[in-house]
Amino acid sequence: MSGAAFYCVADQRYFLGAVGLVNSLRLVGHDEPIFLLDCGLTVEQRELLAPHLTLVDAPADAPPTLLKTIAPLRHPAETVALIDTDLIVTRRLTELLERASEGRVVAFRNDMDRFVAEWGAVLDLGSVRRQPYVAFAFVCMDRSLASVVLGLIEDRQGRIDFDRSTWGRHDPDYPLLYADQDVLNAILASRVEADRVVALDDRLAPVPPFRGLRVVDEGSLRCAYEDGTEPYVVHHFVVKPWLEPTHHGVYSRLLRRLLIGDDVTIRVPPDRIPLRLRRGARAFVERKRVNARERFRLHVREPLSSSFGGPGARRGGSEK
């Protein structure tokens with residue numbers, strides 16, 4: 001879409017996620033500029049990324065979870081799309097960008113129904129209304145809204161007490177438990193008119209275990225539910241498949257395709273990709289081994305632990 005740009009954040013640990021995201025955007029047909037805030041990439045990683053996007057240096061004194069506003073405020077586009085590096089785009093986002101360009105904020109509902117009346121006082125925003133709670137994994141808006149919303153986020157997120165947030169000791173009574181995501185929702189519920197906030201169904205941005213979702217065409221990244229609904233993105237929050245062995249399901253299959261495919265934009269040397277995501281017999285055996293372990297965990301170990309009141313009894317809570 002003319003006048004739009006995508007913005008993401010990565011360090012060296014999130015490099016492969018960033019490659020998957022960028023390659024998915026290009027594969028589904030997006031040729032808009034991409035700005036990536038570098039929070040600690042290696043020299044080799046920067047060299048692989050630099051020909052395909054604009055690298056923006058991050059300040060050294062802030063955690064990556066609070067840096068989403070830096071690149072879009074430094075390099076504003078007519079339509080700004082913030083997107084996390086643990087997302088894979090599975091169909092074109094043009095319709096969403098166009099809706100945002102008409103003066104709206106477009107995001108996906110979170111799987112939580114969350115509202116905290118104290119947001120207004122804690123963040124000095126005045127009264128806040130109850131409305132759908134959205135995820136901060138993908139948010140797009142036009143330039144005028146972005147200057148207001150992102151400017152407020154950059155200012156107010158300094159009030160987050162990380163020690164009490166979900167990234168610290170997870171104090172359930174803390175109004176900003178979900179850090180910058182709570183700040184975003186508080187601002188949308190107080191400084192943006194309700195009819196300008198578009199909260200899309202969370203089925204259109206599914207998270208693990210991706211219930212009811214299947215890969216329709218690995219080559220084109222298409223996924224669908226049984227009723228034919230196709231999500232725009234798939235989101236692997238919390239555990240990252242390029243960092244830890246996880247079930248080789250919807251996201252991991254697509255990530256592997258985006259890392260080793262012959263038609264991808266960014267090519268990563270095979271020895272920089274985990275064995276389980278590579279080509280060949282050894283990689284195939286490793287994926288089977290991990291899947292067997294994960295099936296045992298999900299269907300045997302955790303149910304038994306839950307039955308006896310062990311740690312698995314509390315695993316089902318939302319960690320977004």
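Since the structure is predicted, the reported quantities are computational estimates derived from the model, not experimental observations.
Remark: Arg99 engages no residue in a side-chain hydrogen bond (donor to acceptor under 3.5 Å, both in side chains) (not counting sequence neighbours). Remark: Gln45 pairs with Gln12, Phe15, Leu41, Thr42 by the side chain to side chain contact (heavy atoms under 4.5 Å, CB included) rule, at least two apart or across chains. By the side-chain hydrogen bond (donor to acceptor under 3.5 Å, both in side chains) test, Glu193 is found to be paired with Arg196, residues two or more places apart in sequence or in another chain being considered.
Residues Val250 and Val216 are members of separate hydrophobic clusters, defined by side-chain heavy-atom contacts under 4.5 angstrom among Ile, Leu, Val, Met, Phe, Trp and Tyr. Clustering ILVMFWY residues whenever any of their side-chain heavy atoms sit less than 4.5 angstrom apart, transitively, puts Leu277 in a cluster other than the one holding Leu275.
Among pairs with a residue in residues 16-26, none fulfils side chain to side chain donor-acceptor pair (under 3.5 Å), at least two apart in sequence or across chains. Pairs of residues two or more places apart, or lying in two chains, that qualify as side chain to side chain donor-acceptor pair (under 3.5 Å) and include a residue from residues 141-150 are Glu78-Arg143, Asp142-Ser144. Within the structure, every pair that satisfies the salt bridge (Lys or Arg N to Asp or Glu O under 4.0 Å) test and touches residues 50-59, not counting sequence neighbours, is listed here: Arg46-Asp57.
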Please lay out, stage by stage, how Thr229 and Asp201 fare under the test side-chain contact (heavy atoms from CB on, under 4.5 Å).
CA-CA 11 Å; Thr229 300; Asp201 191 333; over 6 Å; no
Could you walk me through whether Arg164 and Asp171 pass the salt bridge (Lys or Arg N to Asp or Glu O under 4.0 Å) test, one step at a time?
CA-CA 5 Å; Arg164 297 182 65 190; Asp171 178 354; 2.9 Å; yes
Assess whether salt bridge (Lys or Arg N to Asp or Glu O under 4.0 Å) is satisfied between Asp271 and Arg278, documenting all intermediate values.
CA-CA 9 Å; Asp271 63 356; Arg278 298 181 201 170; over 6 Å; no
side-chain contact (heavy atoms from CB on, under 4.5 Å) evaluation trace for Asn185 with Val128
CA-CA 9 Å; Asn185 278 273; Val128 293; over 6 Å; no
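Proximity of a side-chain donor or acceptor of Arg156 to a complementary backbone N or O of Val183 within less than 3.5 Å is not detected. Panel note: side chain Asp182, backbone Leu177; a donor-acceptor pair is recorded below 3.5 Å. Side-chain atoms of Arg276 come within 3.5 Å of backbone N or O of Pro241 as a donor-acceptor pair. A side-chain donor-acceptor contact under 3.5 Å links Lys240 to the backbone of His236.
Relative ring orientation between Trp242 and Tyr14 is described as perpendicular, the plane-to-plane angle rising above 60° on a 0-90° scale split at 30° and 60°. Aromatic ring pairs are classed by plane angle as parallel below 30°, tilted from 30° to 60° and perpendicular above 60°; the pair His30 and Phe6 is perpendicular.
Within 6.0 Å of CZ on Arg13 lie no more than 12 heavy atoms contributed by other residues, nucleotides or ligands. Under a cut-off of 6.0 angstrom, the local environment of CZ in Phe284 is sparse, with at most 12 non-hydrogen atoms contributed by other residues, nucleotides or ligands. Enclosure of atom CZ in Arg169 by more than 12 non-hydrogen atoms of other residues, nucleotides or ligands within 6.0 angstrom is indicated. Atom CG of Asp113 has 12 or fewer heavy atoms from other residues, nucleotides or ligands within 6.0 Å.
Taking the ring centre of Tyr178 as origin, the terminal cationic atom of Arg114 falls outside the region bounded by 6.0 Å and 45° from the ring axis.
Pairing each heavy atom of Arg104 with each of Asp195, the nearest pair is NE-O, 4.4 Å.
Looking at Tyr7, Phe108, Tyr232, Phe237 one by one, the single match for ring pair (Phe, Tyr, Trp, His ring centres under 6.0 Å) with Phe138 turns out to be Phe108.
Note: Tyr251 and Phe210 fail the aromatic proximity criterion, with ring centroids not under 6.0 Å apart.
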